[in-house]
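Notes to accompany the following structure.
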There are 2 protein chains.
Amino acid sequence: MDRIDEEILKLLKENGRMTSSEISKHVHLSVPAVSERIRKLEEGQVIDRFTVRLNREQTGLHLLAFIMVQLEKPEHVAGFRTMIVQTPSVLECHHLAGEYDYLLKVALKSTGELEQLISEQIKRLEGVSKTNTMIVLSTMKEEM
Amino acid sequence: MDRIDEEILKLLKENGRMTSSEISKHVHLSVPAVSERIRKLEEGQVIDRFTVRLNREQTGLHLLAFIMVQLEKPEHVAGFRTMIVQTPSVLECHHLAGEYDYLLKVALKSTGELEQLISEQIKRLEGVSKTNTMIVLSTMKEEM
DNA sequence: GTTGAAACAATTACGCC
DNA sequence: GGCGTAATTGTTTCAAC
């Protein structure tokens, strides 16, 4: 990972479909050299994967929220985990140190969907003792 | 946005560099038809952009945290905003409804860097009355 | 790392419904 | 508007160095 790799990653972050020939013009390297560097960045797991960033608003997901969840005992983690993985509206789930055990980032169509998620999916789970929901009004920055 | 568009988006989410000819085999459409659909998804802002997802661990960012920030008065927002935009370790910043005004997602190399971010950048700002930091132990799910 | 040829993919122009 | 085919153009891969 040298300066050129970092430059390539920066370009690919801005446009993941930028061609190696286009990148080669920026970093002043031949096309095979660029391709090989990208291949190695993928192989070395620096690049997790190429993906597409969707506009949630355009797909009807107008509501973004963070839900903090407290789980009573570790034996309830398996059921919680299953629910998280199977629920597409849960974008992120982090295990936390502190008062709450998990932080969920969820994208939904409406407050109705949020109510349903909290009442019928999260709070219904065994072991969920407390939740705390933060509604996002607007997003200033959102990167990976 | 029909079923085929959704299938294309699903494939591109998994691999943003998948070629149109590869996609065409999955959706049973000609290559120009696939290219045109992708172009329109970009034009119609459903696709925000193509990007690359990096492995934070591999790039030395071993610490992930969420910081909730309370700002006293709206006149302090401008300075806060500037700091957020200029700080690369801040991956996300959401304006919240509730007790805290902002939620930050930050990726750092160490707790030392976290201490520095909180003490020397965030708390030093005018108007920051309270912060609350949640350290991420592990991440179960992280999508866009 | 580079270059150049071969293989592959995207784009364009067209006709079709 | 949306699609397919075929020719052109552009890009990547593979070999040799």
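Letters A, B, ... mirror the listed sequences (proteins, then strands); counts begin at 1.
The side chain of Ser21(B) lies closest to dA10(C), out of dA10(C), dA6(D), dT3(C). Closest to the Ser30(A) side chain, of the nucleotides dA9(C), dG4(D), dT3(C), is dT3(C). Nearest nucleotide to the Leu29(A) side chain, out of dT12(D), dC3(D), dT2(C): dT2(C). Nearest to the side-chain atoms of Val31(B) among the listed nucleotides dT11(C), dG1(C), dG4(D) stands dT11(C). Of the listed nucleotides (dC3(D), dG4(C), dA10(C)), dC3(D) has the atom at the smallest distance from the side chain of Ala33(B). Of the candidates dG2(D), dT12(D), dA10(C), dG2(D) carries the atom nearest the Lys40(B) side chain, counting heavy atoms from C-beta on.
Linking Ile, Leu, Val, Met, Phe, Trp and Tyr residues whenever their side-chain heavy atoms come within less than 4.5 Å leaves Val52(B) and Phe50(B) in two separate clusters.
Between the CD1 atom of Ile23(B) and the P atom of dC8(C) there is a distance of 19 Å, given to the nearest Å. Rounded to an integer number of Å, the gap from Met18(B) CE to dA9(C) P is 12 Å. When the C1' atom of dC3(D) is taken as reference, atom CZ of Arg37(B) falls 9 Å away, rounded to whole Å. The separation between Asp2(B) atom CG and dG1(D) atom P is 15 Å, rounded to whole Å. The CD-P distance, from Glu22(B) to dA9(C), rounds to 8 Å in whole Å.
A donor-acceptor pair is defined here as one N or O able to donate and one able to accept, closer than 3.5 Å; no such pair exists between the side chain of Arg49(B) and the backbone of Arg53(A).
Note on Glu6(B) versus Arg3(B): no salt bridge recorded, every NZ/NE/NH1/NH2 to OD/OE distance being 4.0 Å or above.
The structure places CD of Glu42(A) at 10.0 Å from CG of Asp48(A), a figure rounded to the nearest 0.5 Å.
Among the protein residues, Arg39(B) comes within range of no part of the nucleic acid, since none of its heavy atoms lies under 4.0 Å from any strand.
Residue order along DNA chain C, read from the 5' end via each residue's closest nucleotide, puts Val34(A) first among Val34(A) and Arg17(A).
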